[in-house]
Amino acid sequence: MFVDPHVCAKDTSNKHFKMKQKHSKNRAKPYKKPTPARRNEKFSKNYSFIQRSKQMEESHRRERMPTAPKQEYEPVAELLPEIQDEVDETGFYEQLVTGFNNIPTNDILSSKAEEEEDHVIPVPRKIKPKKEKRSEKLSVDLETYNSFSKRFDFELSTDNINDLIARKDVKAIKSNWSGLGNVRFDIPRLADDFKEPDCSEPKDIASSGDLQKLEVKASICGNAKLPLTALQSQLFYIANNYQDVYYPHRTHGNAEDIRYVYCLHALNHMLKVRSLILRNNEKVSALAKSQKMSPNEISIPESFRDQGLKRMKVVFVVPFRESALRIVNIIGDLLFGSQDDQARKTSIANYERFLGDYSGNTIYFPKTNPKPVDYEQTFSGNTDDNFKLGIRFTKKTMSLFSDMNSSDMLIASPLGLRMLVTDKESDFDFLNSIELLIIDQAELFLAQNWENLLHSLDHLHLQPQKLPDTNCQRVRTWCLSGASSFYRQTLFFSSHELPEFRAVLNSKCNNYQGKARVSNLVENGDIRNVLTPIQQVFRQITCSSVESTFDDRFQYFVKNIMPQFSKPGFSHCMLYVPSYFDYVRIRNHFKTEMVSFVQINEYTKKEKISRARDIFFHSGASVLLYSERAHFFRRTRIKGIRNLIMYQPPNFPHFYSEMINLMLESNQNPRDGFGDAMSVSILYTKYDLLSLSNIVGSENAVKLTSGKKDSYLFSTKT
């Protein structure tokens, strides 16, 4: 197994974080997770601590309020993975319950005096009277559409948890919507009286009244840009039902529409959480005043459980600082309306510093021999991919660059999030109570480092390393019992489908309310954009399992492809390799076998790139080893390609036609002596179905992967 040294192109600061990770005694393994289908030793062990915690909390209540009725709850089994040997679980849960009288509340549960200077405004205080003043129809809609309270007040049983982990008894509903296309809903059956949800196409959102019917906060409705498109309305409808969303059809054309929808949903969710906490704070203060005791000393009713162990509730994972800049501006527009820069600096704390750090730094786009349009769209703005930004909402402002433990939202890149997780000087407990995770432009993470995202997702909802400063009487029971991951909603957006994306949705998203997956068939694929009149041969590799594809592909290449390199007259061959692991393996094998080759990868300096291109064009080397990441970050025009071999279908579908179009006659060396001799070969396995669908279309991809032939020919000759 070869280790990918690439954490992110153009980023060398990660060497320090790798050294720190190496010497960390408590480093979590990124790909290893507990077996989900059964209750292991840790499951039973922590369950006893939760039971003990419950008993101790009840004893304290009886001492404080002997006449109060006893309110019990049945906690579900403990599911928090253990990440530190030094953490004493008995002491942790014992302190969490017995020490709540002496623990200062966090920023969310501060005293009433602090609330007045550090809370969000959006909701008027007298909510119920205003609801009564609305029309009867609107009142009925709000009553039946109370998605927020229904979601977080619902308690999962141990059997529910086990069924969700094992993915048992899931109702699949297929529908076709005008804006999204084919939508598949997977809804777990958690109750005997399960009712099939209505998955018919919703109406478009055209006015603020339509948003209010969907329980959007009034302060947002007044600033929202309406009407929403069909795509926006349908995405928001699903997101507002708190189901996971998988949408693999993001384009540069609809990117801003999608970003606007998930910012609207995230802000609406955050304000609902804060409003609920503020109302309960007032009730707790009134109860303490009536008993002439401190709010931290009284016994709080079960109905006041309204939060997690930590304050942060929303995490955005995006590739570049430019994406973070746009998210902050959209949230600012929704909260405060359209403002100029001067007014925005007043309403958003540290906004001037934010503009300095997150704007500008656009890379140079040459005017002669310009880059493709999608390249300029992807890399416009600040393309730094090492950042993390905490956002905190106060009464009158929105504060940027806030401390992680006091932030309501976090915007980070996969690399920035991983550095937070692996930082030995601070903990990552703030990721314990995340209720909304948004992953946008997921395809770009493949060109950075996919492992950074996986590693970060594995560190959500873990057992806190330090005793939280939250009053545990206000913490929801499902959060105390380790079931918070089942209450997290995930919104996942990408430009196309890949197995890596579906794996994240299937293995790391366990929303108890189910998921909605958009999956539209690809009719033609990128092969229709091929201009070079040439035959393209797809060679099938037989594989016994997914795990063996890495070795099976390499053995097939060595036995069936490499012998061609020694044939007389075989030259000007580009070997295109999407995976850096495969790239390193092939490079080492070429050196061992003394193959005449030059190489270009994402780490190659400009001078060496120019030299490699010149040698290849003038037949100085028979093979050019070319990595997909190098093409993604530079889009270098390689001339002189006579034979193109794709070691695997490209992760970025449009690279397929882009590479073949480099073989046009205008890019050839007229003195190389090969005439019109050219060839294109693509190696694939049956597990490359999604990648092939993006290239040749869904129907042809099924034929390629299910057929019994060893090779298939596609031709673009006129």
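Residues take their numbers from the sequence shown, with the count starting at 1. In what follows, every heavy atom counts, from backbone to side chain, and hydrogens, waters and symmetry copies are set aside.
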Do you see a donor-acceptor pair shorter than 3.5 Å between the side chains of [X] and [Y]?
X	Y	answer
Asp552	Ser548	yes
Asn182	Ser519	no
Gln234	Ser178	yes
Asn601	Thr604	yes
Asp526	Asn529	yes
Ser627	Glu602	yes
Ser619	His572	yes
Tyr580	Glu628	no
Gln441	Ser323	yes

Between [X] (side chain) and [Y] (backbone), is there a donor-acceptor pair under 3.5 Å?
X	Y	result
Asn669	Arg671	yes
Gln489	Ala239	yes
Asn700	Val696	yes
Tyr260	Leu228	no
Lys388	Arg418	no
Tyr375	Pro370	no
Asn661	Ser657	yes
Ser233	Ala230	no
Asn588	Val584	yes
Ser693	Ala701	no

Beyond-backbone contact of [X] with [Y], side-chain heavy atoms, under 4.5 angstrom:
X	Y	result
Met646	Met659	yes
Pro202	Trp177	yes
Asn386	Met419	yes
Thr685	Gln540	no
Pro414	Asn449	no
Leu713	Phe538	no
Tyr656	Ile682	yes
Ser494	Glu443	yes

Checklist line | Close aromatic pair by centroid cut-off 6.0 Å: Phe565 and Phe570 | finding: yes

Point-to-point distance, once rounded to the nearest 0.5 Å, from [atom1] of [X] to [atom2] of [Y]:
X	Y	atom1	atom2	answer
Thr636	Lys606	OG1	NZ	10.0 Å
Ser679	Arg642	OG	CZ	11.0 Å
Leu437	Thr490	CG	OG1	4.5 Å
Ile411	Ile327	CD1	CD1	5.0 Å
Arg259	Ile438	CZ	CD1	11.5 Å
Asp582	Phe554	CG	CZ	9.0 Å

Next item on the list: Would you sort out whether Leu704 and Phe714 count as a side chain to side chain contact (heavy atoms under 4.5 Å, CB included), showing the intermediate values?
Entry: CA-CA 11 Å; Leu704 290 177; Phe714 288 79; 4.0 Å; yes

Item checked: Positive for side-chain contact (heavy atoms from CB on, under 4.5 Å) with Met574, one of Ile641, Ile645, Asn643 -> Ile641

Neighbour count >12 (heavy atoms, 6.0 Å) for atom [atom1], [X]:
X	atom1	value
Lys639	NZ	no
Gln377	CD	yes
Arg611	CZ	no

Check: What's the verdict on side chain to side chain contact (heavy atoms under 4.5 Å, CB included) for Val245 and Leu235, showing C-alpha distance, side-chain angles and the deciding distance?
Finding: CA-CA 8 Å; Val245 175; Leu235 281 176; 4.0 Å; yes

Note to self: For Ile527 and Gln536: C-alpha separation, side-chain torsions, deciding distance, then whether side chain to side chain contact (heavy atoms under 4.5 Å, CB included) applies.
What the structure shows: CA-CA 10 Å; Ile527 195 172; Gln536 301 139 58; 3.5 Å; yes

Heavy-atom closest contact ([X] atom, [Y] atom, distance):
X	Y	answer
Leu436	His265	CD2-CD2, 3.8 Å
Asn560	Pro563	C-CD, 3.9 Å
Ala612	Gln599	CB-O, 4.1 Å
Ile238	Ala516	CG2-CB, 3.7 Å
Ile600	Arg613	CD1-CG, 4.1 Å
Pro649	Pro578	O-CG, 3.9 Å

In terms of the angle between their ring planes, are [X] and [Y] parallel, tilted or perpendicular, with boundaries placed at 30° and 60°?
X	Y	result
Phe379	Phe320	tilted
His631	Tyr576	perpendicular
His249	Tyr247	perpendicular
Trp450	Phe445	tilted
His496	Phe501	tilted

NZ/NE/NH1/NH2 to OD/OE distance under 4.0 Å, [X] and [Y]:
X	Y	answer
Asp244	Arg517	no
Asp374	Arg635	yes
Arg553	Asp551	no
Asp384	Arg321	yes

Notebook entry, point to check: Hey, mind stepping through Phe493 and Tyr262 against ring pair (Phe, Tyr, Trp, His ring centres under 6.0 Å) and telling me if it holds?
Noted result: CA-CA 10 Å; Phe493 303 98; Tyr262 67 65; 5.7 Å; yes

Item checked: CA sep, side-chain torsions, deciding dist, call: Lys203, Tyr237, side chain to side chain contact (heavy atoms under 4.5 Å, CB included) -> CA-CA 9 Å; Lys203 297 180 180 179; Tyr237 179 82; over 6 Å; no

